[in-house]
Amino acid sequence: MNISDYKRVRSKYKVTPGSTVDLSALPTAETGEFKKKKQAVKALKKFRKELAELQSRFYAWDKKAMLIVLQGMDTAGKDGTIKHVMRGVNPQGVTVTSFKVPSAEELAHDFLWRIHKATPRRGMIGIFNRSHYEDVLVVRVHNLVPPDVWSRRYDQINAFEKHLTENGVIILKFFLHISKEEQARRLQARLDTPDKRWKFNKGDLKERALWDDYMAAYTDAVQKCSTEYAPWYIIPSDVKWYRNYVVGQIITETLHELNPQYPEPEEGLDDVVIV
Ligand code: AMP
Ligand code: MG
């Protein structure tokens with residue numbers, strides 16, 4: 001796999017800023033150049049090695065931070081993507097933050113307060129499992145705040161993300177796009193598999209019933225908030241191994257382009273004698 005192959009996948013799934021998005025027309029089940037799982041898993045393994053090496057340099061370099069935002073409907077694979085893509089990366093260089101229903105204290109602040117606090121410091125890769133986008137998704141779908149409040153948040157999010165990127169944070173946003181049918185299969189699997197049952201919430205069925213409202217909210221989020229400095233990528237996610245491969249590839253390529261370097265060692269180390 002060479003760099004031009006990386007670029008192809010990255011541009012294929014990137015939401016061009018200012019473009020119109022029709023989620024129902026975008027693939028959920030495609031597998032790109034792969035016919036078999038084995039091929040993609042092999043490719044992902046190669047990336048993982050490269051990713052581990054790049055992350056090690058990124059950490060030592062200490063010049064930038066990377067923020068990875070994962071969004072998607074229930075069962076879209078936010079947890080699975082983290083587990084499979086980041087496997088092999090030094091845990092010391094990664095933070096994962098899962099955003100749940102805001103606490104009373106969080107609700108007493110502006111919606112970006114808890115988000116800003118969790119953004120990664122230089123040298124770190126920070127992963128958001130859900131994010132500030134919930135404030136224009138679940139909040140909008142359930143009318144948790146009036147329309148004139150959530151509708152102003154797109155500009156606020158763009159301004160916030162611009163502020164972060166101008167202060168050394170590289171932002172990558174992934175919408176894990178699954179079909180409603182695939183979600184049904186996965187929810188059923190959660191019910192049927194003892195080890196997965198704990199993940200099943202009856203509440204997820206209520207969200208599922210609002211599928212179309214969520215798709216409308218996601219459409220606005222990716223249309224209004226895909227920018228050159230913080231693009232959205234829409235990842236076909238019905239096939240888990242392809243989803244992992246694509247997300248892994250985009251992260252790896254982005255780090256590759258940054259070309260992080262180990263800092264110069266102190267001078268005079270050749271003369272050091274350890275006694
Ligand atoms: P899970 O990711 O399955 O652990 O669920 C977390 C829940 O928290 C989801 O139902 C989210 O929609 C919800 N959540 C996250 N952020 C917000 C928010 N800002 N306002 C309301 N609910 C939220
Ligand atoms: Mg859940």
Side-chain angles (χ1 to χ4, degrees), residues 23 67-86 95-119 126-161 173-180 182-222 224-225 232 235 237-238 240 243 247:
L23 285 177
L67 173 61
I68 298 170
V69 170
L70 292 174
Q71 285 287 163
M73 296 296 283
D74 290 311
T75 77
K78 299 180 287 295
D79 302 291
T81 302
I82 297 168
K83 179 168 149 187
H84 289 284
V85 174
M86 302 313 282
T95 57
V96 180
T97 311
S98 298
F99 290 97
K100 308 285 183 185
V101 177
S103 67
E105 192 189 15
E106 288 168 346
L107 280 176
H109 292 81
D110 74 276
F111 77 103
L112 292 170
W113 180 73
R114 66 174 184 164
I115 306 295
H116 204 165
K117 272 206 303 189
T119 55
I127 302 173
F128 283 180
N129 182 340
R130 303 187 190 268
S131 65
H132 41 306
Y133 283 93
E134 292 292 322
D135 292 282
V136 288
L137 295 166
V138 64
V139 168
R140 163 175 161 169
V141 169
H142 287 279
N143 302 307
L144 300 180
V145 299
D148 68 308
V149 174
W150 60 253
S151 62
R152 269 185 270 135
R153 289 183 172 167
Y154 302 100
D155 287 345
Q156 293 163 1
I157 288 172
N158 286 339
F160 170 66
E161 292 180 353
K173 301 179 295 199
F174 298 105
F175 169 53
L176 307 181
H177 189 25
I178 56 167
S179 64
K180 202 175 174 190
E182 179 62 18
Q183 192 196 48
R185 283 190 285 275
R186 292 185 186 180
L187 286 171
Q188 190 62 49
R190 283 187 179 178
L191 276 180
D192 297 344
T193 317
D195 290 357
K196 288 186 177 167
R197 271 207 162 186
W198 67 275
K199 276 197 168 192
F200 191 92
N201 299 318
K202 284 190 195 147
D204 293 350
L205 298 179
K206 284 197 195 119
E207 303 310 303
R208 175 175 169 75
L210 297 166
W211 186 274
D212 293 345
D213 294 347
Y214 270 104
M215 288 307 115
Y218 267 110
T219 300
D220 267 353
V222 297
K224 292 178 194 280
C225 300
W232 269 108
I235 310 296
S237 298
D238 281 359
K240 293 174 184 173
R243 171 202 75 202
V247 173

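Ligands are counted one by one from 1 in listed order, and the atoms in each one are counted from 1 as well. Bear in mind that the values here come from a model prediction, so they are computed numbers and not experimental data.
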Review point. Do you see a donor-acceptor pair shorter than 3.5 Å between the side chains of H142 and E207?
Key: yes
Study note, to complete from the structure: Under 4.0 Å between heavy atoms, the region of V139 that gets near ligand 1 turns out to be side chain
Review point. Less than 4.5 Å apart, any side-chain heavy atom of F174 and any of K78?
Key: no
Review point. Between D148 and R152, is there a side-chain N and carboxylate O pair less than 4.0 Å apart?
Key: yes
Check your understanding: What part of K100, side chain from CB on, backbone N/CA/C/O, both or neither, has a heavy atom under 4.0 Å from ligand 1?
Key -> both
Review point. How far is atom 22 (N) of ligand 1 from its nearest protein heavy atom, and which residue and atom name does that atom have?
Key: V138 CG1, 3.5 Å
Exercise for review: Indicate whether any N or O donor in one side chain lies under 3.5 Å from an N or O acceptor in the other, for T81 and R243.
Suggested key: yes
Practice item. Note the single closest protein heavy atom to atom 11 (C) of ligand 1, along with its residue, its atom name and the distance in Å. Key: E134 OE1, 3.6 Å
Check your understanding: Closest non-hydrogen protein atom to atom 8 (O) of ligand 1, residue and atom name please, with distance?
Key -> V101 N, 3.2 Å
Review point. Got a salt bridge between D79 and K240, using NZ or NE/NH1/NH2 to carboxylate O under 4.0 Å?
Key: no
Practice item. Check P102 against ligand 1 and report side chain, backbone, both or neither, counting heavy atoms closer than 4.0 Å. Key: side chain
**Study point:** Distance-only side-chain donor-acceptor flag, E161 / H132, under 3.5 Å
**Key:** yes
Point to revise | Pairs satisfying salt bridge (charged side-chain N to carboxylate O under 4.0 Å, His left out), at least one member in residues 101-112, at least two apart | key: E106-R114
Study note, to complete from the structure: ligand 1 atoms nearer than 4.0 angstrom to some heavy atom of D135 are 19 (N)
Check your understanding: Which heavy atom of the protein is the closest neighbour of atom 2 (O) of ligand 1, given with residue, atom name and distance?
Key -> R130 NE, 2.6 Å
Exercise for review: Indicate, as side chain, backbone, both or neither, the part of R114 found under 4.0 angstrom from ligand 1 when only non-hydrogen atoms are considered.
Suggested key: side chain
